[in-house]
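So the structure is just underneath, and the comments pick up after that.
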Amino acid sequence: KWQAVEELEKEQKPQSAIKLVDDVLAQAKKEADTGQRLKALLKRSVLRNRINSENKYLLIKELNELLEETKSADDKAIVNSVLALSYKNYFLEDKWNIGRRTKLENYEPEDMAEWSSNIYENKIREHVAKSVENKSALLKVSPDKYSGIIEKGEDSKEYYPTLYDF
């Protein structure tokens with residue numbers, strides 16, 4: 001199905017591609033395949049943003065929901081890593097506006113659009129730390145398990161033999 005999604009993207013048919021991605025997402029959820037769920041969520045986010053840039057909050061909401069459902073240490077690690085990156089990307093995308101806000105202490109608005117820079121920084125640090133907190137479990141997992149979302153280079157096996165190293 002991923003090949004069909006790519007073809008629809010080339011044909012500039014994002015809504016049709018989203019329907020296929022939703023099928024992949026449903027199948028991955030049924031099979032408890034976190035790697036494919038992440039790939040599908042990320043792809044759907046890209047496609048949604050091509051249709052309407054107001055959808056940028058949805059990915060972070062969906063990643064937080066996935067994190068709640070995730071059981072294994074390696075799945076939690078990869079979701080936390082992607083979540084940290086998503087918070088960072090969102091922050092950088094609107095850094096100028098976010099940086100002008102008064103820093104909020106001891107309060108976190110439900111709406112991310114109201115967050116100050118310190119809240120984003122704390123969220124990013126929190127999820128990066130959580131992504132590597134279970135070192136012993138991550139040292140036993142090959143990054144190949146997440147080949148759908150991790151692009152490996154020529155020397156990856158040598159320098160990044162485990163998910164922890166990645």
Side-chain angles (χ1 to χ4, degrees), residues 1-72 74-101 109-117 119-121 123-124 126-128 130-131 141-157 159-160 163 166:
K1 288 209 176 191
W2 287 116
Q3 192 171 6
V5 170
E6 287 178 28
E7 289 299 319
L8 288 169
E9 275 189 285
K10 287 177 187 172
E11 296 170 14
Q12 296 187 10
K13 296 179 180 177
Q15 290 175 326
S16 298
I18 287 172
K19 289 178 185 171
L20 284 179
V21 171
D22 285 342
D23 292 344
V24 171
L25 190 56
Q27 184 67 29
K29 186 172 185 172
K30 190 164 56 170
E31 295 173 1
D33 186 340
T34 301
Q36 284 299 304
R37 282 182 76 183
L38 276 170
K39 182 176 180 175
L41 286 173
L42 294 168
K43 177 57 78 176
R44 186 169 68 180
S45 177
V46 168
L47 294 167
R48 280 180 181 159
N49 285 336
R50 287 188 184 150
I51 297 167
N52 180 356
S53 63
E54 296 299 312
N55 292 321
K56 58 188 171 187
Y57 298 109
L58 286 175
L59 175 62
I60 290 175
K61 179 181 178 274
E62 292 169 337
L63 289 171
N64 275 304
E65 290 169 0
L66 177 58
L67 186 59
E68 291 292 319
E69 298 171 16
T70 302
K71 305 276 186 266
S72 73
D74 54 305
D75 285 349
K76 282 189 179 294
I78 200 80
V79 174
N80 272 302
S81 182
V82 172
L83 196 48
L85 186 60
S86 298
Y87 279 122
K88 178 186 146 209
N89 289 341
Y90 182 82
F91 172 73
L92 292 175
E93 190 176 296
D94 201 22
K95 186 178 181 179
W96 190 81
N97 287 320
I98 294 169
R100 296 178 63 208
R101 297 179 190 148
E110 283 187 39
D111 185 354
M112 280 178 48
E114 298 174 7
W115 288 6
S116 57
S117 60
I119 295 173
Y120 281 98
E121 292 162 2
K123 286 286 186 185
I124 294 164
E126 171 192 342
H127 289 288
V128 167
K130 285 181 178 179
S131 73
V141 179
S142 168
D144 293 339
K145 180 178 178 183
Y146 301 98
S147 61
I149 58 169
I150 294 176
E151 290 185 26
K152 294 191 296 183
E154 199 173 293
D155 298 327
S156 292
K157 285 193 188 287
Y159 295 111
Y160 307 109
L163 195 56
F166 230 89

Close side-chain approach of L8 to E11, heavy-atom, < 4.5 Å: yes
Validation row: L163, I150 side chains within 4.5 angstrom (heavy atoms): yes
Among K130, E126, H127, side chain to side chain donor-acceptor pair (under 3.5 Å) partner for N80: H127
Interatomic spacing from CG in L38 to CG in L59 - rounded to 0.5 Å: 9.0 Å
Any R44 side-chain heavy atom under 4.5 Å of E62 side chain: yes
Parallel, tilted or perpendicular, as decided by the 30° and 60° cut-offs, for the rings of Y120 and F91: tilted
Polar side chain donor-acceptor pair, Q3 to E7, under 3.5 angstrom: no
Whether over 12 other heavy atoms sit under 6.0 Å from K1 NZ: yes
Shortest non-hydrogen separation from S86 to L63 and the atoms involved: OG-CD1, 3.4 Å
Lys/Arg-Asp/Glu bridge criterion (N-O < 4.0 Å) met for D75, K145: yes
Taking every non-hydrogen atom, the tightest pair across M112 and R101: O-NH1, 4.2 Å
N-O pairing of K43 and E9 below 4.0 Å: yes
Heavy-atom side-chain contact between V79 and N64 under 4.5 Å: no
Non-hydrogen side-chain atoms of L20 and W2 separated by less than 4.5 Å: no
Short side-chain donor-acceptor distance under 3.5 Å, W115 and E110: no
Non-neighbouring partners of K39 that pass salt bridge (Lys or Arg N to Asp or Glu O under 4.0 Å), sequence neighbours left out: none
Results of salt bridge (Lys or Arg N to Asp or Glu O under 4.0 Å) for R37 - residues two or more places apart only: E69
Test: K61 and E65 ion pair at under 4.0 Å: yes
V82 and L41, any side-chain heavy atoms less than 4.5 Å apart: no
Between D111 and Y57: side-chain donor-acceptor atoms closer than 3.5 Å: no
Any P109 side-chain heavy atom under 4.5 Å of I119 side chain: yes
